[in-house]
Amino acid sequence: MSGETPILKRIKYCAGNWKLNKTPDETKAFIEEFRKLLSSDFSLNHNESLKDNGAAADQLKTLIFFLVYNLVTLHDSIGDLPIEFGPQNIYYENSGAFTGEISPSAAKSIGSTYALIGHSERRTLFNETDEDCHKKVQAAIAAGLTPMLCIGESLAQRESNQTQEVVLKQLKVALMGITSEFVVAYEPVWAIGTGKVATPEQAEDVHKFIREQLGKIISSKVAESTSILYGGSVKADNAKGLAEKPNIDGFLIGGASLNPADFYKVRGNLFKTQRANESKI
Ligand code: 13P
């Protein structure tokens, strides 16, 4: 590194995971409301247009992981808004006799840019393994999607001091041989949908560990440039403390991403923290 602070180089993310929620009409209403919030914010407070905000999107990306049947609605509604989107899961084949699965290349063809992989609900409810995640990461990259790999320990694993061992195995298997860009989302299972958010220190400890391990498994360049998001009961009021930590590059948000005003507030806190960090340098 040439003395620059790595935090500036990594993209920050405000990503919503809608899980099994929202009809196409509700999706459209969400985007309309979100558009109003963004427009008022940027014209009143920052004297910037949505278009300028699009430029800022290089540094702070707003992403939504949606249900596939909302894909067309989302694609049509977003228009010029600086929001990217992707499916919550993909299969590792693009076509064939795989009833009910989601084709990475079809998701890409309609405008998806990311794919969520290995969410703990996929792992625990649908028996997805680290090996499945590896194949999905490869398939996403082959289709031109950036994989966002979810990892995280259960409460029992945390209480028996296995957090590092668990996340390391999840990382190692899923990312074996991967050289293209990816994003990691650390989501401790005990914090998902429980209202029990990890403290900024607890989250930072694991994020730092993940970054160090990426350096060992892949390379120090990848470790420095890979965005590592935190997920698990993120809300506007806890976002700031978490976002201030040097190894936390944004959020993967469940419940609070379903309401445009809540999602917008988390995004705003991330944006402000990012600007504050920049001005300290
Ligand atoms: P909550 O924000 O509702 O805890 O969900 C987190 C999550 O699972 C995001 O993928």
Side-chain angles (χ1 to χ4, degrees), residues 12-22 26-27 30 34 61-68 70 74 83-90 102 107 112-126 128 132-133 136-137 140 145-155 157-158 163 166-167 170-171 174 182-200 202-203 206-207 210 227-243 245 248-270:
K12 304 286 166 184
Y13 287 87
C14 181
N17 174 11
W18 285 359
K19 307 191 179 183
L20 188 54
N21 292 293
K22 292 200 189 295
E26 288 166 346
T27 299
F30 178 103
F34 200 72
K61 287 202 181 199
T62 306
L63 257 179
I64 295 175
F65 292 105
F66 57 92
L67 282 168
V68 276
N70 287 336
L74 206 52
I83 300 180
E84 294 183 50
F85 55 89
Q88 298 166 8
N89 175 37
I90 50 168
I102 298 158
S112 301
T113 45
Y114 287 77
L116 198 60
I117 292 171
H119 190 279
S120 67
E121 286 148 19
R122 299 287 324 159
R123 293 175 189 262
T124 53
L125 302 174
F126 303 100
E128 234 171 69
D132 293 331
C133 293
K136 291 180 181 200
V137 167
L145 299 166
T146 303
M148 184 180 289
L149 174 72
C150 302
I151 58 173
E153 80 289 1
S154 67
L155 185 60
Q157 288 165 333
R158 171 160 283 259
T163 300
V166 170
V167 299
Q170 291 171 331
L171 276 180
F182 59 87
V183 179
V184 175
Y186 168 59
E187 299 206 300
V189 180
W190 49 271
I192 295 180
T194 57
K196 273 193 217 161
V197 65
T199 63
Q202 281 175 320
V206 184
H207 281 232
I210 292 169
S227 301
I228 305 175
L229 317 191
Y230 169 80
S233 298
V234 173
K235 309 264 179 297
D237 59 357
N238 55 36
K240 192 168 169 294
L242 288 158
K245 292 294 179 192
I248 298 181
D249 303 309
F251 304 117
L252 181 58
I253 310 150
S257 72
L258 293 173
N259 176 299
D262 293 344
F263 190 52
Y264 173 75
K265 275 190 215 148
V266 178
R267 184 185 179 282
N269 281 348
L270 195 53

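If you're wondering where the values come from, they're calculated on a predicted model, not measured in any experiment. Both counts, for ligands and for their atoms, begin at 1 and track the order of listing.
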Problem set entry | N/O separation below 3.5 Å, Glu121 to ligand 1 | no

Problem set entry | Nitrogen or oxygen atoms of Lys19 and ligand 1 under 3.5 Å apart | yes

Exercise. Among side-chain atoms of Ser227 and Asp249, is any donor-acceptor pair under 3.5 angstrom?
Worked result: no

Exercise. Between the side chains of His119 and Glu187, is a donor N or O closer than 3.5 angstrom to an acceptor N or O?
Worked result: yes

Taking only heavy atoms of [X], which atoms of ligand 1 are found under 4.0 Å from at least one of them?
X      : answer
Ser233 : 1 (P), 2 (O), 4 (O)
Gly255 : 1 (P), 2 (O), 3 (O)
Leu252 : 9 (C), 10 (O)

Problem set entry | Distance in Å, Phe65 CZ paired with Leu116 CG, rounded so as to fall on 0.5 Å steps | 5.0 Å

Problem set entry | Contact check, side chains of Ile117 and Ile90, non-hydrogen atoms, under 4.5 Å | yes

Exercise. Below 4.0 Å from any atom of ligand 1, is there a heavy atom belonging to Ala191?
Worked result: yes

Exercise. With a 4.0 Å cut-off on heavy atoms, does Gly231 reach ligand 1?
Worked result: no

Problem set entry | From the candidates Cys150, Ala256, Gly193, Gly254, the one that places a heavy atom nearest atom 4 (O) of ligand 1 | Gly193

For this session: Answer yes or no: is there an ion pair linking Glu153 with Arg158, defined by an N-O contact shorter than 4.0 Å?
Result: yes

Problem set entry | Cation-pi, Phe126 ring and Arg122 (6.0 angstrom, 45 degrees) | yes

For this session: Report the nearest protein non-hydrogen atom to atom 9 (C) of ligand 1: residue, atom name, distance rounded to 0.1 Å.
Result: Glu187 OE2, 2.9 Å

Problem set entry | Centroid-centroid distance, Tyr13 to Tyr114, less than 6.0 Å | yes

